[in-house]
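What follows is one structure encoded as structure tokens, with my remarks underneath.
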Number of protein chains: 2
Amino acid sequence: MDHVDKILAQWQQQRPDLNVAPMGTLGRLKRLNHVLMRAMEKTWAHYGLNESSFDVLATLRREGAPYALSPSDLMASTMVTSGTMTHRLQQLEKAGLIERVKNPDDGRGFLISLSGKGFALIDEAVAAHTETQARLVNGLSDKQRSQLDDLLKRLLAGLE
Amino acid sequence: MDHVDKILAQWQQQRPDLNVAPMGTLGRLKRLNHVLMRAMEKTWAHYGLNESSFDVLATLRREGAPYALSPSDLMASTMVTSGTMTHRLQQLEKAGLIERVKNPDDGRGFLISLSGKGFALIDEAVAAHTETQARLVNGLSDKQRSQLDDLLKRLLAGLE
DNA sequence: TCGATTTACCTTGATATCAAGTTATCCGGG
DNA sequence: CCCGGATAACTTGATATCAAGGTAAATCGA
């Protein structure tokens with residue numbers, strides 16, 4: 001009987017006509033996401049980062065050498081709008097974690113790359129981050145985690 | 001090989017020392033949450049609501065008669081700060097969906113209750129919402145959805 | 001080759017949120 | 001009874017985000 005179960009019981013009482021089973025699942029998903037984000041933010045903060053900045057730096061890092069992408073590529077990878085990405089890149093540039101050069105092949109665009117400092121920082125931060133994540137899924141066995149993975153993937157596949 | 005798998009493959013290539021399996025699970029959870037929210041927002045918008053306002057009205061509605069809670073109770077239920085709740089309640093009051101009365105038993109506090117209009121609106125909106133949610137979990141069988149439910153619950157239990 | 005369309009990115013304006021600080025009220029120990 | 005600490009809710013200031021609009025450059029069709 002967790003928090004979500006109590007909500008479902010209330011609805012059952014008030015509106016027995018509703019099918020609330022999906023609400024339970026989606027409610028837990030939302031709540032879990034919230035709790036997980038809160039936990040992961042602590043790790044990011046330890047490196048002076050937040051979800052946004054970590055997201056951008058990690059996207060550049062995992063791309064491999066020369067660790068560079070256009071703002072448009074970053075927008076697509078991180079699912080944010082152009083205004084948001086502009087803002088994020090300004091912050092990161094000011095912090096000296098990325099560098100911005102005009103794209104020689106396209107006068108409209110830029111290439112954003114990791115600075116040396118940005119590379120060093122994200123390489124450390126991502127290691128700590130994966131450790132945090134491992135701790136967060138500790139409540140499940142490997143098999144259960146893998147099962148969860150499969151169900152999430154299946155659900156996501158039908159929606160994207 | 002979905003979007004998340006590609007990310008994991010990139011990390012595997014770049015940082016084979018990292019254990020990225022948890023990242024896959026948590027990444028899908030985040031992405032799924034994002035996609036689901038987007039979808040549910042459409043239903044809410046159909047009733048002139050958004051996640052925030054729906055959240056408050058639904059919390060009051062499922063509470064049962066007399067459909068009233070203090071701002072503090074609402075804060076606890078919806079996991080937002082006091083400033084945020086103040087703002088939400090202002091909007092809802094302006095829209096005539098809630099009413100605010102001083103708590104007779106506590107001079108510091110208020111009681112927020114659904115107006116007739118608010119009750120009628122949320123009662124319709126929540127029915128549409130549960131239908132949307134049922135559609136969103138269509139990609140899973142009942143058994144799979146229930147399995148997912150169980151795993152999310154287990155994971156959540158270890159963290160809250 | 002040239003005009004129309006598309007694309008890349010930035011800018012603007014509005015909104016939602018949070019953290020921290022504030023004020024009024026309540027409550028419990030002396 | 002009163003005073004100090006706790007609590008309820010609002011206010012303030014900062015920030016992140018989005019949607020919509022703008023500008024410059026690229027591309028495509030005739």
Side-chain angles (χ1 to χ4, degrees), chain A residues 30-31 33-35 37-42 44-45 48-57 59-60 68-95 97-113, chain B residues 30-31 33-35 37-42 44-45 48-57 59-60 68-95 97-113:
Chain A
K30 173 172 159 51
R31 205 169 182 85
N33 187 62
H34 189 265
V35 172
M37 283 300 154
R38 286 289 198 197
M40 294 189 291
E41 274 166 5
K42 287 182 190 159
W44 295 326
L49 298 172
N50 54 31
E51 183 185 354
S52 310
S53 46
F54 180 88
D55 205 13
V56 172
L57 295 180
T59 302
L60 291 169
L69 286 172
S70 67
S72 300
D73 292 336
L74 289 168
M75 284 163 53
S77 290
T78 59
M79 300 198 297
V80 298
T81 60
S82 67
T84 299
M85 186 51 66
T86 297
H87 183 241
R88 288 184 179 186
L89 295 177
Q90 281 170 354
Q91 308 287 106
L92 288 167
E93 195 173 10
K94 197 159 65 182
L97 299 171
I98 61 165
E99 284 157 8
R100 175 197 296 268
V101 297
K102 280 197 90 86
N103 185 336
D105 300 334
D106 188 336
R108 294 167 303 179
F110 295 92
L111 282 178
I112 308 298
S113 63
Chain B
K30 173 171 158 51
R31 203 168 183 87
N33 187 62
H34 188 265
V35 172
M37 283 301 154
R38 286 290 198 195
M40 295 188 291
E41 275 167 3
K42 288 183 189 159
W44 295 326
L49 298 172
N50 53 33
E51 183 184 354
S52 311
S53 45
F54 180 90
D55 206 13
V56 172
L57 296 180
T59 302
L60 291 169
L69 286 173
S70 69
S72 300
D73 292 337
L74 288 168
M75 283 163 54
S77 289
T78 60
M79 300 197 297
V80 298
T81 60
S82 68
T84 299
M85 186 51 67
T86 297
H87 182 241
R88 288 184 179 185
L89 295 176
Q90 281 170 355
Q91 307 288 107
L92 289 167
E93 195 172 13
K94 197 160 64 180
L97 299 171
I98 61 166
E99 283 157 8
R100 173 198 298 267
V101 298
K102 279 196 89 90
N103 185 335
D105 300 333
D106 188 335
R108 295 167 300 178
F110 295 92
L111 282 177
I112 307 297
S113 64

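Every chain is numbered from 1 and lettered A, B, ... according to where its sequence line falls, protein lines coming before strand lines.
- For the side chain to side chain donor-acceptor pair (under 3.5 Å) test, residues two or more places apart in sequence or in another chain that qualify with A:N50 are A:S53.
- D:dC10 atom C1' lies 8 Å from atom CD of B:Q90, rounded to whole Å.
- Not a single side chain to side chain donor-acceptor pair (under 3.5 Å) links A:R38 to another residue, sequence neighbours left out.
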For nucleotides 1-7 of chain C, which of its nitrogen or oxygen atoms have a protein nitrogen or oxygen under 3.5 Å away, and what is each distance?
unit_1: C:dT7; atom_1: O2; unit_2: A:R108; atom_2: NH1; d: 2.6

Between B:L97 and B:V56, does the side-chain contact (heavy atoms from CB on, under 4.5 Å) criterion hold? Intermediate values first, please.
CA-CA 10 Å; B:L97 299 171; B:V56 172; over 6 Å; no
When every nucleotide of nucleotides 16-23 of chain D is labelled 5' to 3' by its protein contacts under 4.0 Å (heavy atoms), B for base, S for sugar-phosphate only, - for none, what sequence of letters results?
SBBS----
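- Remark: B:D73 pairs with B:L69, B:S70 by the side chain to side chain contact (heavy atoms under 4.5 Å, CB included) rule, at least two apart or across chains.
- Under the 4.5 Å side-chain criterion, counting only non-hydrogen atoms from C-beta, B:E51 is in contact with A:K30.
- Residues from residues 97-107 of chain B that place a heavy atom under 4.0 Å from any atom of DNA chain D, listed by number: B:R100.
- Here A:F54 pairs with A:W44, A:H129 under the ring-ring contact (aromatic ring centres under 6.0 Å, His included) rule; sequence neighbours left out.
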Taking only distance into account, with no hydrogens and no angle test, what donor-acceptor pairs under 3.5 Å do side-chain atoms of residues 81-92 of chain B form with protein atoms, sequence neighbours excluded?
unit_1: B:T81; atom_1: OG1; unit_2: B:T84; atom_2: OG1; d: 3.2
unit_1: B:T86; atom_1: OG1; unit_2: B:S82; atom_2: O; d: 3.0

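- With sequence neighbours excluded, the residues that form a side chain to side chain donor-acceptor pair (under 3.5 Å) with B:E93 are B:R100.
- Counting heavy atoms from C-beta outward, A:L74 and A:L60 have side chains that approach closer than 4.5 Å.
- Applying the side chain to side chain contact (heavy atoms under 4.5 Å, CB included) test to B:S113 and every residue at least two apart in sequence or in another chain returns B:A68, B:E99.
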